[in-house]
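Starting from 1, each residue takes its place in the sequence as its number.
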Amino acid sequence: MKYVTPCCLCFSLFLVACANEDTSETVVVKKPITDPVSNEDVSREFSEAYNTSKEFTQQKHDEYAARLNEQLKELNVKIDQLQEKGSDLKDDAKVKWSEQMDELKVKRDHVSVKLEEFNDASADAWEGLKQDLDTAWENLEDSFEETKNEVNNSVD
C-alpha cells in the first residue's frame, strides 16, 4: 500500500510527459537562387583555395626551416664552447669526452643533412621529412645535454 501512491505519481508524470506534443509549426524559408553556380565558378574557387593552401604550406615550410637553421647555429656555438671547456680535461675523462664530442658532431652533421633534404623537398612532401628532422634534432639535443653534463661533472 505504501508503494501505490509513489507508483501512481510516477505513472501520471510519465503519461503527462508522453502526451506533451510539439504543436509548433516548422517554417522552411527557401532562399531564391538568383545566379546558378557554374562549372567555371566551382573551378575558379577551387583553384583559389588550392593556391591559398599551397602558399600557406610553403610559408609554414619556410618558417620551420628558418627556425631550425637558427637553432642549429645556436647549438653550433654551444658545441664550440663545450669543445673549449672540455679541452682542459685529463686522462680518462678526456678520452670519454672526445668520444662524446665525436658522436655529437656526427648527430649534428646528420641534422644538417636532414635539413638540406628538407629544404630541397617540395612543400607538399615536407611533412614526412619534418618528422625525421624532429627526431634527429631531439637526438642531437639529448646528446649535447649528456656531453655538457659529463664535461661539467668532470671539470668540477
Practice task
Assess whether atom CG of Asp92 is packed by more than 12 heavy atoms of other residues, nucleotides or ligands within 6.0 Å.
Solution key: no
Practice task
For Lys148 and Glu145, run salt bridge (charged side-chain N to carboxylate O under 4.0 Å, His left out): C-alpha distance rounded to whole Å, both residues' side-chain angles, the deciding distance at 0.1 Å, then the answer.
Solution key: CA-CA 5 Å; Lys148 181 178 85 171; Glu145 288 300 320; 3.4 Å; yes
Could you tell me the separation between the [atom1] atom of [X] and the [atom2] atom of [Y], rounded to the nearest 0.5 Å?
X      : Y      : atom1 : atom2 : result
Leu72  : Asn76  : CG    : CG    : 5.0 Å
Arg44  : Asn39  : CZ    : CG    : 12.0 Å
Met101 : Arg108 : CE    : CZ    : 8.0 Å
Leu68  : Ser112 : CG    : OG    : 9.0 Å
Leu104 : Gln83  : CG    : CD    : 9.5 Å

Practice task
Under the salt bridge (charged side-chain N to carboxylate O under 4.0 Å, His left out) rule, what do Lys105 and Asp102 come out as? Steps first, then yes or no, please.
Solution key: CA-CA 5 Å; Lys105 290 174 183 177; Asp102 290 343; 5.3 Å; no
Handout entry: Backbone N/O of Ser143 and side chain of Thr147: donor-acceptor pair under 3.5 Å
Key = yes
Problem - Check: Ser98 side chain, Lys94 main-chain N or O, donor-acceptor pair, under 3.5 Å - result: no
Practice task
Taking the side chain as every heavy atom from C-beta outward, state whether Leu115 and Asn119 have any pair of such atoms under 4.5 Å apart.
Solution key: yes
Problem - Student check: side-chain heavy atoms of Glu117 and Lys114 closer than 4.5 Å - result: yes
Exercise for the section: I would like to know whether Arg67 and Glu70 meet salt bridge (charged side-chain N to carboxylate O under 4.0 Å, His left out); could you show each step before the answer? Expected result: CA-CA 5 Å; Arg67 183 175 38 117; Glu70 187 61 35; over 6 Å; no
Practice task
Please check if any side-chain donor atom of Tyr64 sits under 3.5 Å from a side-chain acceptor atom of Asp134, or the reverse.
Solution key: yes
Practice task
State, without any angle test, whether Asp62 and Gln58 hold a side-chain donor-acceptor pair at a distance under 3.5 Å.
Solution key: yes
Fill in the blank from the handout: The residue among Leu140, Asn139, Thr135, Leu75 that forms side chain to side chain contact (heavy atoms under 4.5 Å, CB included) with Val111 is Leu140
Practice task
Give a yes or no on whether a salt bridge exists between Lys60 and Glu63, defined as a side-chain N under 4.0 angstrom from a carboxylate O.
Solution key: yes
Problem - Derivation and outcome, side chain to side chain contact (heavy atoms under 4.5 Å, CB included), residues Trp137 and Asp132 - result: CA-CA 9 Å; Trp137 179 257; Asp132 291 345; over 6 Å; no
Problem - Audit row: Lys107, Glu103, salt bridge (charged side-chain N to carboxylate O under 4.0 Å, His left out) steps and yes/no - result: CA-CA 6 Å; Lys107 288 181 180 181; Glu103 181 182 332; 3.2 Å; yes
Exercise for the section: Kindly state each residue pair satisfying ring pair (Phe, Tyr, Trp, His ring centres under 6.0 Å) with at least one member in residues 68-110, sequence neighbours excluded. Expected result: none
Practice task
Would you name the heavy atoms of Pro36 and Asp41 that are closest together and state the gap between them?
Solution key: O-OD2, 4.1 Å
Problem - Ring-face cation of Lys130 near Phe118 (centre distance under 6.0 Å, axis angle within 45°) - result: no
Practice task
Assess whether side chain to side chain contact (heavy atoms under 4.5 Å, CB included) is satisfied between Glu84 and Gln81, documenting all intermediate values.
Solution key: CA-CA 5 Å; Glu84 290 175 21; Gln81 291 170 347; 5.7 Å; no
